Participant: 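Handing you this structure, nothing more for now.
The model shown is predicted, which means the values in this text are computed figures rather than measured ones. Convention: sequence-line order gives letters A, B, ...; per-chain numbering from 1.
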There are 2 protein chains.
Amino acid sequence: MTRTAHQSVTIVDVAKAAGVSKSTAGRALTGSDEVSARTRDKVVRVAAELGYRPNGVARSMITGNTETVGVVIPDMSNRFFSAALQSIARTIRQHGYELLVSSTEGEPALERRSVEVLSTKRVDGLIVAPVLGADTDHLRRLADSGTALVLLDRPAPKVSGTSFVSVDNVEASRLAVDHLIGLGHRHIGIISEARYDATVTRAAEPSPTAHRPSTMRLAGYVRAMTDAGLEVRPEHIAHSAYSSAASYAATTRLLNVTPQVTAIYCTDNVLSVGAFAALQDSGCHCPRDISLVGFDDHDWAPLVRPRLTVVAQPTEVIGVTAAEDLLTAIADPAREPATHLLPARLVTRDSTAPPGLSLIPPT
Amino acid sequence: MTRTAHQSVTIVDVAKAAGVSKSTAGRALTGSDEVSARTRDKVVRVAAELGYRPNGVARSMITGNTETVGVVIPDMSNRFFSAALQSIARTIRQHGYELLVSSTEGEPALERRSVEVLSTKRVDGLIVAPVLGADTDHLRRLADSGTALVLLDRPAPKVSGTSFVSVDNVEASRLAVDHLIGLGHRHIGIISEARYDATVTRAAEPSPTAHRPSTMRLAGYVRAMTDAGLEVRPEHIAHSAYSSAASYAATTRLLNVTPQVTAIYCTDNVLSVGAFAALQDSGCHCPRDISLVGFDDHDWAPLVRPRLTVVAQPTEVIGVTAAEDLLTAIADPAREPATHLLPARLVTRDSTAPPGLSLIPPT
DNA sequence: TTGAAAGCGCTAACAG
DNA sequence: CTGTTAGCGCTTTCAA
């Protein structure tokens, strides 16, 4: 019956108890058809009685693969990544893979360690959302060594031959900004983790596989403004570190410094929390005095007042696409890497309205 | 330099190239002090040149452990579980372990499969939040087989000899209900996933290791009401399935059917979204007409109006505790299993006030 | 249809 | 300090 020892019943024990050889027992247990039904039944029954559990480690040793996919992301409690993780998990599970996941907390050193450890554990493939701005040599080495690799959300410029899956950030910004322009806004502020850098941001073709999402979103804003014939004013671009508190401060600053701004586009889900809070505390009425577009659709977007208009990423699709591309790469190492830029979607709610629109007369 | 072949450079290749034996190479690479500095340096250099990556699978084969912890949870996009996961990941990483995570989507069959697969992969220990109400024989077998096992959030009654980590749900409810009673409320409704079952709920000592969280929270409500000399009325207990939409419906029903209710306690984070929305749409003014206490502290709790008062679980601590207990169990299989009931915390905001309190005169 | 033997890549005695 | 030997548990030829 149940055994208490640790590394307990092996296939040899089963074979002995069933009165067959190790190899026959193996064949019976893996459902090979090179065994007589009689012996198979016997072996299977004996195995169950003994509480035999096949040792996947030993099997991997021989087959050379682990049926395991690694995922390395900065933070699994971040809504975007946890949602992506969930859809990655489901997709690969349907193909018989498990998920080895590592959180880097934004530390380049931890990312290197994670990639190292996971590749030591011989994952069959790896999905990585690299730490922004960090060195990516370890990823290049990994890709060069033939490990299937898919980049998620953030590119690694120097790593070639690797698939990349992300929302189309330029288009996402265009959705937000065009919506605001369409409402009549002319002075539109932006809360961004990226620094305004004219050379990159105003480039004719900013490349999603070369720049981080925040940069692309800022570039999209610049493009949309420019295309509409509006002036991009540096003082309308509020830089914020990656935290809700920093975004709160940045938004407050933007409101104080540039009173002519009538709309704000906030380019990240974490930042949106702080931006919304800042607007609430500012004394401005939203959307009468200021319109706000957030990023990513949250549970709370329809719960706050005014309900928050957002640019929503297809988070599920991003996860599924990354997983499927990785599975393809595992099955066929020679396949061409692809860049998947998935479309964002504008969800219009109540936080955006024409400038100066006032249902309640201003005080 | 970099190799393109798949299972490429082994320790034998390194040994040959360095002109030493396999074992010396091994010793050098694992940093054993039984090697001369000279040979170690040489081996390490050669290994780097060849792009050698140790094969963790082979190592596990010998050592018998994988430095991997499995986690099986219903849904990693759920805020509670993703936060717990993040702190589990950090804790075990600090001890050199990686995380193999599996999402069961609430399906008992998937949970069985996950536990099976992870134990085949020879994880050194397992943290499981079992699917509610499902059969737990697979967990008992696992525990009996000597695998370190910690139960998270939900107990598995028939599985003995296993640690259990959870918030103290009865006390959590007491915090919420006592707060409301203290404000003067007498007719307090509850939104619960549990069915009201007098035998369990009113038991003198409802056991956290025998009943699911929702049952314990309901029991805590009953206890707190009873202790305060208030009547527990079945029509004040609104059952809801586990979704925001169901909670919306349950809350709406509760408001319509029992107008004497002046406060509602919502016993779960997912349900809180629906409850809050229902209150907004009901025409009731919160907190003037109805007070609301939510469960779990969300990003949005301070963002909505009124700001939501909640009972907050120490999610981080729960994750860390589960991880630490598991590490202990791995290190010492003979240690006594423990039940950790962690304290909840009441976060008082604006959604709770004395009944009938009216800053704005009723219409 | 079954068994015997080889070996995956590595570590761990045990000699030298 | 270093090399030799013997496996870990399993799959997989290759014979019988």
Side-chain angles (χ1 to χ4, degrees), chain A residues 3 5-44 46-47 50-68 117 119-124 145, chain B residues 3 5-44 46-47 50-68 117 119-124 145:
Chain A
R3 291 273 305 261
H6 193 53
Q7 174 52 57
S8 34
V9 188
T10 78
I11 201 170
V12 184
D13 301 323
V14 175
K16 276 198 189 117
V20 295
S21 78
K22 198 171 51 158
S23 13
T24 303
R27 284 187 274 254
L29 259 10
T30 52
S32 157
D33 54 356
E34 305 183 7
V35 226
S36 74
R38 244 176 72 68
T39 31
R40 177 172 43 241
D41 292 351
K42 166 129 205 186
V43 170
V44 168
V46 168
L50 258 41
Y52 169 71
R53 296 200 167 256
N55 185 327
V57 175
R59 184 189 318 216
S60 292
M61 179 98 259
I62 296 169
T63 62
N65 40 49
T66 53
E67 326 287 40
T68 302
V117 173
S119 94
T120 286
K121 290 198 184 302
R122 290 299 191 267
V123 292
D124 295 335
S145 81
Chain B
R3 292 272 305 262
H6 194 53
Q7 174 52 58
S8 33
V9 187
T10 78
I11 201 170
V12 184
D13 302 321
V14 175
K16 276 196 191 121
V20 296
S21 78
K22 199 171 52 157
S23 18
T24 302
R27 283 186 276 253
L29 261 9
T30 53
S32 158
D33 54 355
E34 306 182 7
V35 227
S36 73
R38 245 175 72 67
T39 32
R40 177 172 43 240
D41 291 352
K42 164 129 204 182
V43 170
V44 168
V46 168
L50 260 41
Y52 170 71
R53 297 203 166 252
N55 186 328
V57 175
R59 184 192 321 228
S60 292
M61 180 97 260
I62 296 168
T63 62
N65 40 46
T66 53
E67 326 286 49
T68 302
V117 173
S119 94
T120 286
K121 290 198 186 300
R122 290 298 190 265
V123 293
D124 296 334
S145 81

Participant: Check whether B:T24 reaches the backbone of B:V20 with its side chain - one donor and one acceptor, N or O, closer than 3.5 Å.
Facilitator: no
Participant: How long is the gap from CD1 on B:I11 to CG on B:L50, to the nearest 0.5 Å?
Facilitator: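 The distance works out to 12.0 Å.
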Participant: Output the single nucleotide from C:dA12, C:dT2, D:dG9 whose closest atom is nearest the side chain of A:A58.
Facilitator: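 Selected nucleotide (nearest to the side chain): D:dG9.
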Participant: With a non-hydrogen cut-off below 4.0 angstrom, is B:T63 in contact with a base, only sugar-phosphate, or nothing?
Facilitator: nothing
Participant: What about A:T30: does its side chain form a donor-acceptor pair under 3.5 Å with the base of D:dT11?
Facilitator: no
Participant: Considering only C:dC10, D:dT11, D:dC1, which nucleotide approaches the side chain of B:T10 most closely?
Facilitator: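 Closest nucleotide to the B:T10 side chain: C:dC10.
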Participant: Looking at every strand, decide which applies to A:V57 at a 4.0 Å heavy-atom threshold: base, sugar-phosphate, or nothing.
Facilitator: nothing
Participant: Hey, what do you get for CE (A:M61) to CZ (A:R122), rounding to the nearest 0.5 Å?
Facilitator: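 The CZ atom of A:R122 is 9.0 Å from CE of A:M61, to the nearest 0.5 Å.
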Participant: Nearest whole Å is fine: how far is C:dT11 P from A:M61 CE?
Facilitator: 10 Å
Participant: I want to verify a distance call: between C:dA4, D:dT2, C:dT2, whose nearest atom is closest to the A:S23 side chain?
Facilitator: C:dA4
Participant: OP1, OP2 of D:dC10 versus side-chain N and O of A:S60: anything below 4.0 Å?
Facilitator: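 Answer no for this pair, as no side-chain N or O of A:S60 is under 4.0 Å from OP1 or OP2.
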Participant: At less than 3.5 Å, do the side-chain atoms of B:R27 and the base atoms of D:dG3 form a donor-acceptor pair?
Facilitator: yes
Participant: Please tell me whether B:R53 and A:S145 have a donor and an acceptor in their side chains that are separated by less than 3.5 angstrom.
Facilitator: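 Per modelled atom types, B:R53 and A:S145 side chains form no pair under 3.5 Å.
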Participant: Rounding to an integer number of Å, can you tell me how far A:E67 CD sits from D:dT11 C1'?
Facilitator: 14 Å
Participant: Rounding to an integer number of Å, can you tell me how far A:L29 CG sits from D:dC10 P?
Facilitator: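 Taking atom P of D:dC10 as the reference, CG of A:L29 is at 9 Å.
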Participant: Quickly work out the A:E34 CD to D:dC14 P distance and round it to whole Å.
Facilitator: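 About 13 Å, once rounded to whole Å.
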Participant: How many whole angstroms separate atom CD1 of B:I11 from atom P of D:dC8?
Facilitator: 19 Å
Participant: Whole Å only: how far is the NZ atom of A:K22 from the P atom of D:dT11?
Facilitator: 10 Å
Participant: Do the side-chain N or O atoms of B:S36 get closer than 4.0 angstrom to the phosphate oxygens (OP1, OP2) of D:dT2?
Facilitator: yes
Participant: From NZ of B:K121 over to C1' of D:dG9, roughly how many Å is that when rounded to an integer?
Facilitator: 16 Å
Participant: Output yes when at least one side-chain N/O atom of A:S21 is less than 4.0 Å from OP1 or OP2 of C:dG3, else no.
Facilitator: yes
Participant: Verify, without hydrogens or angle tests, whether A:D13 (side chain) and A:T10 (backbone) share a donor-acceptor contact under 3.5 angstrom.
Facilitator: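 Yes; at least one donor-acceptor contact below 3.5 Å.
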Participant: Mind calculating the distance between CG (B:D13) and P (C:dC10) to the nearest angstrom?
Facilitator: 9 Å
Participant: Between B:I62 and A:T24, which residue's closest nucleotide on DNA chain C lies nearer the 5′ terminus?
Facilitator: A:T24
Participant: Can you check whether B:R59 has a side-chain N or O nearer than 4.0 Å to OP1 or OP2 of C:dT11?
Facilitator: yes
